[in-house]
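Each remark here refers to the structure printed beneath this line.
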Amino acid sequence: MSPLIITIDGPAASGKSTVAQRVAQALNSTFLDTGAMYRAVTLLAMNTQTDLSDEQALIRLVEANQFNFTPAGQRLVVLINRQDVTEQLRNPEVTANIRYVAEAPGIRILMVRQQRALALKYQRVVTEGRDQGTVAFPDAQVKIFLTADPEERAKRRQIELKAAGIQQDLDTLLKAVEARDLSDRQRTVGPLQPADDAVHLDSTNLTLDEVVQAILKIVEKKIG
Ligand code: C5P
């Protein structure tokens, strides 16, 4: 099978992960959740009381510890110094602190390097994040920019968290989603923005199946 890179970028809780997993499955490809990488660095920084606003300290932390990222079906399994931290990555405290790590240019360089190495290793990948079509894989065959209204995204995040046993009210989640949108859009390196050649897809009024089918059609049209 020939190499294939499909990027799905978009704002928080736009459904990227679930959609990317399903598309990857349909195309016999590997799903790459790049948010998990930024979450892992944030988690370690919090656990080691590293000053999150000190970029050099964050870089030293990444270089001094062993991160291992392994795509495994529906998620990216993350080991830090051989300890599996995958289950802790979606904790709201990690989410609340992630912007420091995501805004650090030196960290972004290290993460993009890891993403490219994984794409090289797995050959056929569906990768989701914020900068996959713009920075990590500018030559990807297919680029999707997936959005949904903030209210709809907050609702989706609430359902997702509930399934993980975490209760949060809708208003708090809406504020968190909007705050993350703002910081994701405003950072100077790797901001959330569509690639010039990305296909835009608004999933507000679409079911998961409809979004997946729409993307598979786009893939078929672009690469046959
Ligand atoms: O997609 P997820 O919600 O797990 O991403 C968590 C955070 O990681 C995002 O809000 C964003 O700030 C950051 N991120 C990023 N670049 C990526 C993926 C995620 O900056 N490629």
Side-chain angles (χ1 to χ4, degrees), residues 5-21 24 31-46 52-53 55 58 62 67 69 71 74-78 85-119 125-138 140 143-148 150 153-154 156-161 164 166 168 173-195 198 203:
I5 296 181
I6 296 176
T7 62
I8 303 181
D9 289 306
S14 55
K16 298 182 305 292
S17 287
T18 318
V19 166
Q21 284 161 28
F31 161 60
L32 204 56
D33 166 11
T34 62
M37 297 180 170
Y38 294 90
R39 289 175 179 277
V41 178
T42 307
L43 178 72
L44 183 63
M46 287 166 63
L52 280 155
S53 62
E55 184 181 357
L58 290 174
V62 171
F67 287 80
F69 301 112
Q74 306 194 338
R75 56 191 195 159
L76 188 72
V77 171
V78 181
V85 296
T86 314
E87 293 299 325
Q88 299 163 50
L89 299 179
R90 299 217 150 251
N91 288 347
E93 304 84 65
V94 172
T95 308
N97 282 312
I98 209 156
R99 70 184 174 87
Y100 298 99
V101 170
E103 281 170 12
I107 296 290
R108 299 201 71 85
I109 289 170
L110 296 174
M111 297 299 112
V112 167
R113 202 176 285 161
Q114 297 268 3
Q115 291 152 18
R116 289 180 180 155
L118 287 170
V125 297
V126 179
T127 178
E128 63 98 348
R130 306 294 186 285
D131 59 345
Q132 298 301 284
T134 49
V135 178
F137 303 105
K143 298 179 186 178
I144 307 289
F145 196 73
L146 187 64
T147 55
R153 291 190 276 126
R156 291 178 188 170
R157 183 58 30 111
Q158 191 178 43
I159 294 168
E160 191 183 295
L161 286 172
I166 301 169
Q168 286 232 308
L173 285 169
L174 179 60
K175 286 199 179 97
V177 156
E178 287 175 335
R180 213 133 61 90
D181 284 358
L182 196 69
S183 83
D184 278 344
R185 288 203 174 98
Q186 283 184 338
R187 68 170 164 257
T188 45
V189 186
L192 169 65
Q193 65 179 34
S203 72

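Counting convention: from 1, in listed order, for ligands and their atoms alike. Computed from a prediction, not measured in an experiment: that's the story for all the values here.
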What does the N/O contact table under 3.5 Å look like for ligand 1?
unit_1: ligand 1; atom_1: 1 (O); unit_2: Arg130; atom_2: NH1; d: 3.2
unit_1: ligand 1; atom_1: 3 (O); unit_2: Arg39; atom_2: NH2; d: 3.0
unit_1: ligand 1; atom_1: 3 (O); unit_2: Arg180; atom_2: NH1; d: 3.1
unit_1: ligand 1; atom_1: 4 (O); unit_2: Arg39; atom_2: NE; d: 2.8
unit_1: ligand 1; atom_1: 4 (O); unit_2: Arg39; atom_2: NH2; d: 3.3
unit_1: ligand 1; atom_1: 4 (O); unit_2: Arg90; atom_2: NH2; d: 3.0
unit_1: ligand 1; atom_1: 10 (O); unit_2: Arg130; atom_2: NH2; d: 3.2
unit_1: ligand 1; atom_1: 10 (O); unit_2: Arg180; atom_2: NH1; d: 2.6
unit_1: ligand 1; atom_1: 10 (O); unit_2: Asp184; atom_2: OD2; d: 3.2
unit_1: ligand 1; atom_1: 12 (O); unit_2: Asp184; atom_2: OD1; d: 2.6
unit_1: ligand 1; atom_1: 16 (N); unit_2: Arg108; atom_2: NH2; d: 3.0
unit_1: ligand 1; atom_1: 20 (O); unit_2: Arg108; atom_2: NH1; d: 2.7
unit_1: ligand 1; atom_1: 20 (O); unit_2: Arg108; atom_2: NH2; d: 3.2
unit_1: ligand 1; atom_1: 20 (O); unit_2: Arg187; atom_2: NH2; d: 2.9
unit_1: ligand 1; atom_1: 21 (N); unit_2: Thr34; atom_2: OG1; d: 3.0
unit_1: ligand 1; atom_1: 21 (N); unit_2: Arg130; atom_2: N; d: 3.3
unit_1: ligand 1; atom_1: 21 (N); unit_2: Asp131; atom_2: OD1; d: 2.8

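The nearest pair of heavy atoms linking Pro11 to Leu146 is CD-O, 3.2 Å. Between Gly133 and Thr7, the closest heavy-atom pair is CA-OG1, 3.5 Å.
By the 4.5 Å heavy-atom criterion applied to side chains, Arg75 and Arg90 are not counted as neighbours.
Checked by atom type, the side-chain pair Arg39/Thr95 shows a donor-acceptor distance below 3.5 Å.
Put simply, the side chain of Gln168 never gets that close to the backbone of Gln158: no donor and acceptor are under 3.5 Å apart.
Between Lys175 and Glu178 there is no salt bridge, since no side-chain nitrogen of the basic residue lies less than 4.0 Å from a carboxylate oxygen of the acidic one.
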